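Since the structure is predicted, the reported quantities are computational estimates derived from the model, not experimental observations. The figures here come from the full heavy-atom set of this structure, side chains too, leaving out hydrogens, waters and symmetry mates.
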Amino acid sequence: MTWIQLRLDTHPEQVEALEDLMLASGSVAVTLEDNADQPVLEPAVGETPLWRQTRLTGLYPADTDIGAILAHFPDELLEKCHSRVEILEDKDWEREWMQHYQPMQFGQRLWVCPSWLEPPEPSAVNLLLDPGLAFGTGTHPTTALCLAELDGMALNDQIVVDYGCGSGILAVAALKLGAVEALGVDNDPQALVASRDNAQRNGVDADAFPVALPGAYDAEAWQARADTVIANILAGPLIELSPTLLHLLKPGGTLLLSGLLNTQAEGIIAHYASELSLRIASEHEGWACLRGERPA
């Protein structure tokens, strides 16, 4: 099916009204994106920040009279916008996306490969991934940093926890690299579905990779059980969840934290200092991965 896109470049104070108008006028979907390369990284609790220059894109059926729709938008809103109408050709968008996702190597042993492609090095440790509905493909710098760290670790016979597991990419990678069990925790039920699917795709037994919502796993049974705890989330949650992450980590175990900017690293290191000594293990594109060993 062919669609029409109505794009409006505007300012934050107009976004809510324009979004409501688009939806009320028959748009089947409205998306918001940055129109000035201004990052919005980690909002405070209760905040929903928008970019100083925001682009709204409304998707309409091909037979829509966009001119008639715009005629009903208030002039005081439109005169502050730059509008553009585009024809969106009918495509197999899933296939289009798949063409841009290629195998990636992390460290010396580990490859992450789309499940629809043959691994380039069959003898390597190959993780076949279909991210599905959850975050985590290896393309984000923080995921890449964690994968490279895991590749360099001695994980044989270890027990791992991946807190905020997303697609399960880090836990499954740890299992493929020699870990015997990994617990995946995420507050998004879709992430748990994606994690189970990716584990099955890689021949990981369900018993070796239990997944659960926070609070739904047996916290007492997992107390001080993990040789390695991984959390690739955000700086705020890394601080808020520190008692939980440390509860899971056994003496002598390794804590691997990412999802933070390198400018946030010192604050995280200071927060955990009473329990273990964290250090910046690696950095890439302004992001950092922290690593530390809990005293035995």
Side-chain angles (χ1 to χ4, degrees), residues 32-34 37-52 54 106 112 129 131-150 160-174 182-192 194-195 211-217 226 228-249 254-292:
L32 281 66
E33 59 184 316
D34 178 17
D37 195 25
Q38 177 203 352
V40 174
L41 295 171
E42 189 172 352
V45 175
E47 289 185 358
T48 307
L50 290 172
W51 306 278
R52 287 189 296 271
T54 304
F106 301 94
V112 174
L129 186 71
L133 299 173
F135 174 81
T137 62
T139 56
H140 193 275
T142 61
T143 309
L145 290 171
C146 289
L147 288 168
E149 287 296 319
L150 288 172
V160 173
V161 172
D162 181 4
Y163 209 98
C165 58
S167 67
I169 183 173
L170 299 179
V172 175
L183 170 67
V185 182
D186 204 289
N187 61 9
D188 182 358
Q190 292 286 7
L192 305 186
S195 292
V211 296
L213 296 168
Y217 61 92
T228 299
V229 173
I230 313 160
N232 179 29
I233 37 182
L234 291 170
L238 287 177
I239 289 174
E240 294 167 12
L241 289 168
S242 59
T244 299
L245 301 179
L246 292 168
H247 173 88
L248 295 161
L249 186 65
T254 298
L255 183 65
L256 199 62
L257 304 180
S258 196
L260 63 145
L261 297 166
N262 51 17
T263 54
Q264 298 170 318
E266 291 306 319
I268 303 294
I269 290 170
H271 179 79
Y272 281 84
S274 63
E275 296 289 341
L276 76 169
S277 179
L278 286 169
R279 62 190 182 279
I280 297 178
S282 51
E283 299 177 78
H284 185 58
E285 295 181 1
W287 300 91
C289 180
L290 308 182
R291 180 173 170 179

Handout entry: For R279 against G292, the heavy-atom pair lying closest together
Key = NH1-CA, 4.0 Å

Exercise for the section: Just jot down the side-chain contact (heavy atoms from CB on, under 4.5 Å) partners of A281, sequence neighbours excluded, or say none. Expected result: E149, R291

Handout entry: Pairwise side-chain contact, L290 with L260, heavy-atom cut-off 4.5 Å (strictly under)
Key = yes

Practice task
Enter the distance from L147:CG to L170:CG here, rounded to the nearest 0.5 Å.
Solution key: 5.0 Å

Practice task
Answer whether the closest heavy-atom distance between the side chains of C289 and N232 falls below 4.5 Å.
Solution key: no

Handout entry: Donor-acceptor contact present, side-chain D186 to main-chain G166, <3.5 Å
Key = yes

Handout entry: Check: Y272 and L257 side chains under 4.5 Å, non-hydrogen atoms
Key = yes

Practice task
Please tell me if the side chains of Y217 and L248 come closer than 4.5 Å, counting only heavy atoms from C-beta onward.
Solution key: yes

Completion exercise
Note: G259 and W287 closest approach over all heavy atoms is O-CZ3, 3.8 Å

Exercise for the section: For I268 and A235, work out which heavy atoms get closest and say how close. Expected result: CD1-O, 3.6 Å

Practice task
Compare every heavy atom of S258 with every heavy atom of T142, then report the nearest pair and how far apart it is.
Solution key: CB-OG, 3.4 Å

Exercise for the section: Mind checking the CG-CG spacing from D162 to L150? Nearest 0.5 Å is all I need. Expected result: 8.5 Å

Problem - Any residue meeting side-chain hydrogen bond (donor to acceptor under 3.5 Å, both in side chains) with H247, in chain and number order, not counting sequence neighbours - result: none

Handout entry: Gap between atom CG of L249 and atom OG1 of T228 - 0.5 Å precision
Key = 8.0 Å

Completion exercise
Across all chains, not counting sequence neighbours, the side-chain contact (heavy atoms from CB on, under 4.5 Å) partners of P214 are Y163, V185, N187

Handout entry: Test side-chain hydrogen bond (donor to acceptor under 3.5 Å, both in side chains) applied to E275 - qualifying residues, sequence neighbours left out
Key = R294

Handout entry: Flag side-chain contact, heavy atom, 4.5 Å: L246 against L276
Key = yes

Handout entry: Student check: side-chain heavy atoms of S167 and L129 closer than 4.5 Å
Key = yes

Handout entry: Residue list, side-chain contact (heavy atoms from CB on, under 4.5 Å) with A174, at least two apart or on another chain
Key = L155, V160, A179

Exercise for the section: Give the minimum heavy-atom separation between A265 and I280, together with the two atoms involved. Expected result: CB-CD1, 3.8 Å

Exercise for the section: Mind checking side-chain contact (heavy atoms from CB on, under 4.5 Å) for N262 and listing every partner two or more places apart, or none if nothing turns up? Expected result: E283, A288

Practice task
Working to the nearest 0.5 Å, report the span between SG of C165 and CG of L192.
Solution key: 5.5 Å

